[in-house]
Amino acid sequence: MANVIVIGAQWGDEGKGKITDLLSRSADVVVRYQGGNNAGHTVVVGDRTFKLHLIPSGILYPKTECIIASGTVIDPQVLLEEVDRLRTLGISTDNLFIAETAHVTMPYHRVLDQASEEQRAEHKIGTTGRGIGPTYADKSERVGIRIIDLMDEKRLAKKLRWAIEQKNIVLQKLYNLEPLDAEAIIEEYRGYADRLRPHVVDASLKIDDAIRERRNILFEGAQGTLLDLDHGTYPYVTSSNPVAGGACIGAGVGPTCIDRVIGVAKAYTTRVGEGPFPTELHDEIGAQIGDRGAEFGTTTGRKRRCGWFDGVIGRYAVRINGLDCLAVTKLDVLDDLDEIKVCTAYELDGKVVRDFPSDARAFGRAIPIYETLPGWKQSTSECKTVEELPQAAKEYLKFLADLTGTPIAIISLGASRGQTIIVEDPIHGPKRGLLRA
Ligand code: IMP
């Protein structure tokens with residue numbers, strides 16, 4: 001058995017959905033440990049495309065149990081829409097479980113998220129507007145409503161009446177908005193509770209049972225390392241901990257049960273929302289990468305900002321997450337380029353810096369120092385082995401492995417399951433491989 005964490009090594013949208021889908025094949029349990037429906041995974045199976053926000057991609061495998069754990073925040077309306085959509089497509093959700101201790105996103109969280117962003121004007125974070133930050137804020141404030149509250153009609157009504165009374169003061173006095181109707185919301189959420197009830201469990205206990213039964217568990221991170229509340233580009237971050245350490249807290253397991261940590265990184269870099277991005281391209285090449293890579297957010301449809309691969313970020317992700325190996329995605333997007341740049345260090349206030357600056361303002365002043373590598377100018381999307389890759393593509397990957405000091409175990413060359421090269425088994429693989437530093 002092996003328990004594996006899969007995390008995003010950049011700013012999210014690295015293609016974790018496809019990698020977790022691939023690894024879910026040998027997983028008995030897939031656990032989503034943080035975030036909410038700010039995330040979005042696109043999984044392509046044959047000619048069908050699945051867009052999931054809350055439900056782990058493991059749901060596509062009939063025997064895999066999928067757990068939305070305690071560290072997540074759940075918008076029941078969105079979750080039930082996903083359940084319905086999957087059922088219409090003939091995919092069972094009987095194996096979906098949700099933690100009774102996860103927090104619930106309420107209509108006032110969505111309204112407050114959008115209102116506060118509007119008020120911040122040029123200081124806005126560029127959130128997804130899904131109410132994620134305010135849900136986590138209520139959790140820390142200890143006034144949140146959890147799934148367990150949703151399961152108790154009386155407790156829900158009492159808690160919601162009080163919460164909405166408080167939120168309405170803020171909505172009216174601070175944002176000049178209409179108050180919300182508590183009774184209508186109580187009624188709406190009562191309906192969700194009835195539908196969610198069969199899926200509600202003590203998630204930590206369920207995961208512990210799986211550990212004791214020596215079943216394979218895949219912990220699926222949402223967003224990415226640089227969006228981490230503690231270790232990302234604060235304040236331009238999300239409100240949870242997507243890094244590998246977040247898996248233990250969010251799922252309710254001890255660190256000793258984790259065997260491997262896999263980081264997913266694009267062969268270039270993208271970011272949505274505001275905040276510094278040293279290798280961002282504002283030219284034709286950036287637009288070309290965005291077009292070829294279909295770089296639009298799964299959740300909001302926003303255009304993603306595109307740039308070169310950043311080795312400083314890569315090394316940082318290895319350090320913060322303790323990565324064992326990397327899965328490099330979307331290599332095929334670079335197929336047409338004459339040359340490809342990779343950032344190896346920053347020039348910061350006249351000094352060469354190789355480590356990620358923890359102050360986002362310093363990070364904002366960082367000027368990338370690039371190494372230029374030749375492009376391969378041929379299609380890679382049909383390559384099935386490392387040997388079939390053009391020499392320049394192999395050298396590019398080897399360069400990334402050397403720069404990050406981390407082996408590349410998986411290469412993804414397109415959206416479909418078949419467009420993947422497994423360089424070495426990312427979970428049980430040998431310690432020496434082709435694309436090793
Ligand atoms: P929030 O998570 O909606 O509060 O948004 C905070 C920041 O995280 C914004 O910059 C969002 O664009 C970004 N973000 C949240 N979820 C994702 C994701 O799944 N992929 C990429 N960026 C995300």
Side-chain angles (χ1 to χ4, degrees), residues 6-20 32-43 51-57 68 71-75 78 82 103 105-106 109-120 122-140 220-243 246 250 263-266 268-277 280 290 293-307 313 317 329-330 360 363-364:
V6 176
I7 59 96
Q10 294 155 326
W11 272 289
D13 309 318
E14 296 91 348
K16 292 181 297 295
K18 176 178 165 177
I19 303 301
T20 48
R32 169 82 192 272
Y33 59 84
Q34 47 68 232
N37 58 305
N38 48 351
H41 296 322
T42 308
V43 184
K51 286 194 192 299
L52 300 169
H53 298 283
L54 276 162
I55 301 180
S57 30
I68 304 178
T72 63
V73 293
I74 299 175
D75 185 328
V78 175
E82 273 181 38
H103 279 247
T105 298
M106 290 286 169
H109 292 132
R110 287 191 295 264
V111 179
L112 287 168
D113 191 359
Q114 289 156 22
S116 85
E117 277 284 270
E118 213 165 289
Q119 204 183 52
R120 282 167 191 252
E122 76 272 18
H123 302 296
K124 71 173 193 245
I125 294 165
T127 73
T128 59
R130 300 297 192 262
I132 309 301
T135 313
Y136 278 112
D138 275 0
K139 174 180 177 174
S140 308
E220 174 181 338
Q223 287 89 42
T225 303
L226 293 190
L227 289 173
D228 187 273
L229 181 60
D230 288 83
H231 303 287
T233 48
Y234 191 90
Y236 301 102
V237 292
T238 192
S239 32
S240 63
N241 290 108
V243 297
V264 185
K266 271 180 195 162
Y268 49 96
T269 312
T270 63
R271 154 162 229 183
V272 260
E274 308 301 315
F277 178 179
E280 183 170 12
E295 295 297 354
F296 293 92
T298 317
T299 301
T300 57
R302 285 182 294 176
K303 210 171 179 214
R304 295 177 187 143
R305 299 154 65 191
C306 299
I313 291 176
T329 60
K330 291 195 154 184
F363 182 56

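One-based numbering, in listed order, for ligands and for the atoms of each. Here the structure is a predicted model, which is why all the values come from computation and not from measurement.
Protein heavy atom in closest approach to atom 10 (O) of ligand 1: Val272 O, 3.4 Å. In this structure, atom 12 (O) of ligand 1 lies nearest to the protein heavy atom Arg302 NH2, 2.9 Å. For atom 3 (O) of ligand 1, the closest non-hydrogen atom of the protein is Thr128 OG1, 2.6 Å. From the protein, the heavy atom lying nearest to atom 7 (C) of ligand 1 is Val237 O, 3.8 Å. Scanning the protein heavy atoms around atom 9 (C) of ligand 1, the nearest turns out to be Gly126 O, 3.1 Å. Scanning the protein heavy atoms around atom 2 (O) of ligand 1, the nearest turns out to be Thr238 OG1, 2.6 Å.
Checked by atom type and distance alone, the side chain of Thr225 pairs as donor or acceptor with a backbone atom of Gly8 at under 3.5 Å. Under a 3.5 Å cut-off, the side chain of Asn241 and the backbone N or O of Val243 do not form any donor-acceptor pair. For the pair Tyr33 (side chain) and Pro242 (backbone), a donor-acceptor distance under 3.5 Å is present. Remark: the backbone N or O of Tyr268 is paired with a side-chain donor or acceptor of Gln10 at under 3.5 angstrom.
Not a single heavy atom of Asp113 sits less than 4.0 Å from an atom of ligand 1. Taking 4.0 Å as the cut-off, Arg130 does not count as a neighbour of ligand 1 on heavy-atom distance. Contact analysis leaves Tyr236 out of contact with ligand 1, as no non-hydrogen atom separation drops below 4.0 angstrom.
Among the candidates Lys330, Lys303, Arg302, Arg271, the single residue satisfying the salt bridge (charged side-chain N to carboxylate O under 4.0 Å, His left out) test with Glu295 is Lys330.
Polar contact with ligand 1: present for Asn38 (N/O pair, distance under 3.5 Å). Checked against a 3.5 angstrom limit, the closest N/O atoms of Gln223 and ligand 1 fall inside it. Residue Asp13 has at least one N or O atom closer than 3.5 Å to an N or O atom of ligand 1.
For atom 4 (O) of ligand 1, the nearest non-hydrogen atom from the set Thr127, Thr270, Leu227 belongs to Thr127.
Side-chain contact, Asp13 with Thr270: no donor N or O sits under 3.5 Å from an acceptor N or O. For the residue pair His103/Asp138, the side-chain donor-acceptor check at 3.5 Å is not satisfied.
Within ligand 1, the atoms closer than 4.0 Å to a non-hydrogen atom of Trp11 are 21 (C), 22 (N), numbered from 1 in the order shown.
Looking at residues two or more places apart in sequence or on another chain, you find a side chain to side chain contact (heavy atoms under 4.5 Å, CB included) between Glu280 and Phe277, His282, Arg305. Taking Glu14 as the reference, Lys16 meet the salt bridge (charged side-chain N to carboxylate O under 4.0 Å, His left out) condition, with sequence neighbours excluded.
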